[in-house]
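Notes follow the structure.
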Amino acid sequence: MNRVNHGKESLPEKVYHHLLQQILNGVIKAGEKIIEEDIARDLGTSRAPVREALYLLKVDGLAERIPRIGTIVKDFSDKEIIEYNDAVIGLLQSAIEQSQPKWDDTNRHRLQVLGDEADEACRLEDVQLYQSRVEQLITHVFIVSDNKALMRFYKEANHILMVFAQVKWTRQTMKNFNRELNVFTSSLVEGKFDDAKKAVKVTLDQGVI
């Protein structure tokens with residue numbers, strides 16, 4: 001499940017979010033071992049909260065414990081990635097459906113700004129920045145839908161896709177994705193919701209080809 005930061009995190013939750021950011025930013029890569037004592041030393045804590053944080057990562061499907069090796073960042077199969085991608089497509093299409101009456105001028109303008117920022121990151125050929133911009137754009141659609149359950153399930157599945165993207169995405173992947181993302185964004189800005197729902201699958205499928 002996704003763990004929302006409410007500003008009153010326990011120490012294990014703080015360690016969890018630290019490790020999560022390192023995984024999503026590619027500092028700790030898929031298949032790499034997470035060494036408890038190194039994390040504890042770097043964060044100035046004991047190994048107990050680190051161990052609890054690793055458990056939370058395992059619950060979220062981002063890490064696994066291998067006998068005689070330790071805890072590693074999970075390396076997902078192509079089948080698993082496609083399944084998570086399909087789940088995000090369905091969730092986003094549902095969010096579009098529920099958000100339709102809520103796209104006022106402010107929300108449309110915000111979406112356009114986020115689309116422009118993604119375009120700029122793509123132009124700069126900064127894959128990591130681009131992925132961050134895309135996540136902000138898609139999250140905005142869920143925010144407009146005002147459905148917390150959809151948002152929670154999206155965040156959980158998207159963690160997996162972000163780990164995959166850190167390893168597999170190239171500049172060409174980013175450019176192909178952005179081309180379709182522009183269609184998706186303009187469809188929403190123009191209120192063409194059926195077109196936007198169709199564009200969701202085309203867009204997100206570009207990220208796992």
Sidechain-backbone polar pair: H18 side chain, I39 backbone, donor-acceptor under 3.5 Å: no

Look at E64 together with K74 and state whether they make a salt bridge at an N to O cut-off of under 4.0 Å. no

Does any non-hydrogen side-chain atom of I81 lie less than 4.5 Å from one of D78? no

Under-4.0 Å salt bridge between E37 and R41: no

Side chain R65, main chain G70, donor-acceptor under 3.5 Å: no

Using the rule that Ile, Leu, Val, Met, Phe, Trp and Tyr join whenever any side-chain heavy atoms are under 4.5 Å apart, tell me whether L92 and I143 fall into a single cluster. yes

Sub-3.5 Å donor-acceptor pair from the side chain of Q93 to the main-chain atoms of K197, do we have one? yes

Should V202 and F184 be regarded as members of a common hydrophobic cluster, given that ILVMFWY residues are connected when their side-chain heavy atoms come within less than 4.5 Å of each other, either directly or indirectly? no

According to the interplanar angle, ranging from 0 to 90°, do the rings of W169 and Y130 count as parallel (below 30°), tilted (30 to 60°) or perpendicular (above 60°)? tilted

Do D195 and V183 come close enough that some side-chain heavy atom pair is under 4.5 Å? no

So, Q136 versus T139: side-chain donor-acceptor pair below 3.5 Å or not? no

Can you confirm whether K192 is buried at NZ, in the sense that more than 12 heavy atoms of other residues, nucleotides or ligands lie under 6.0 Å from that atom? no

Distance only, no hydrogens: is a donor on one side chain within 3.5 Å (strictly under) of an acceptor on the other, for D60 and Y16? yes

Gap between atom CG of L204 and atom CG of L181 - 0.5 Å precision: 8.5 Å

Side-chain donor-acceptor pairs of residues 111-118 under 3.5 Å, sequence neighbours excluded:
{"from": "Q112", "atom 1": "NE2", "to": "D116", "atom 2": "OD1", "distance (Å)": "3.2"}

Rounded distance (nearest 0.5 Å) linking atom CD1 of I23 with atom CD of E32: 9.5 Å

Under the salt bridge (Lys or Arg N to Asp or Glu O under 4.0 Å) criterion, do K201 and E180 qualify, and how do the steps go? CA-CA 10 Å; K201 178 170 175 55; E180 303 302 336; over 6 Å; no

I need the T106 OG1 to D104 CG distance, nearest 0.5 Å. 4.5 Å

Between the side chain of S99 and the main-chain N/O of K102, is any donor-acceptor distance below 3.5 Å? no

Supply the members, apart from I72, of the Ile/Leu/Val/Met/Phe/Trp/Tyr cluster built from side-chain contacts under 4.5 Å; use none for a lone residue. I66, I69

Between E190 and R108, does any side-chain N to carboxylate O distance fall below 4.0 Å? no

Salt-bridge contact R133-E120 (side-chain N to carboxylate O under 4.0 Å): no

Going from CG on N107 to OG on S145, what distance comes out if it is rounded to the nearest 0.5 angstrom? 10.5 Å

Between F142 and Y154, ring centroids under 6.0 Å: yes

Rounding to 0.5 Å, atoms CG (N178) and CZ (R123) come to a distance of 12.0 Å

Quick one, E156 and M151 - any side-chain contact, counting heavy atoms below 4.5 Å? no

How far does CG of L137 sit from OG1 of T203, to the nearest 0.5 angstrom? 10.0 Å

May I ask whether V134 and V189 are part of the same hydrophobic cluster, defined by side-chain heavy atoms of I, L, V, M, F, W, Y residues being less than 4.5 angstrom apart, directly or through others? yes

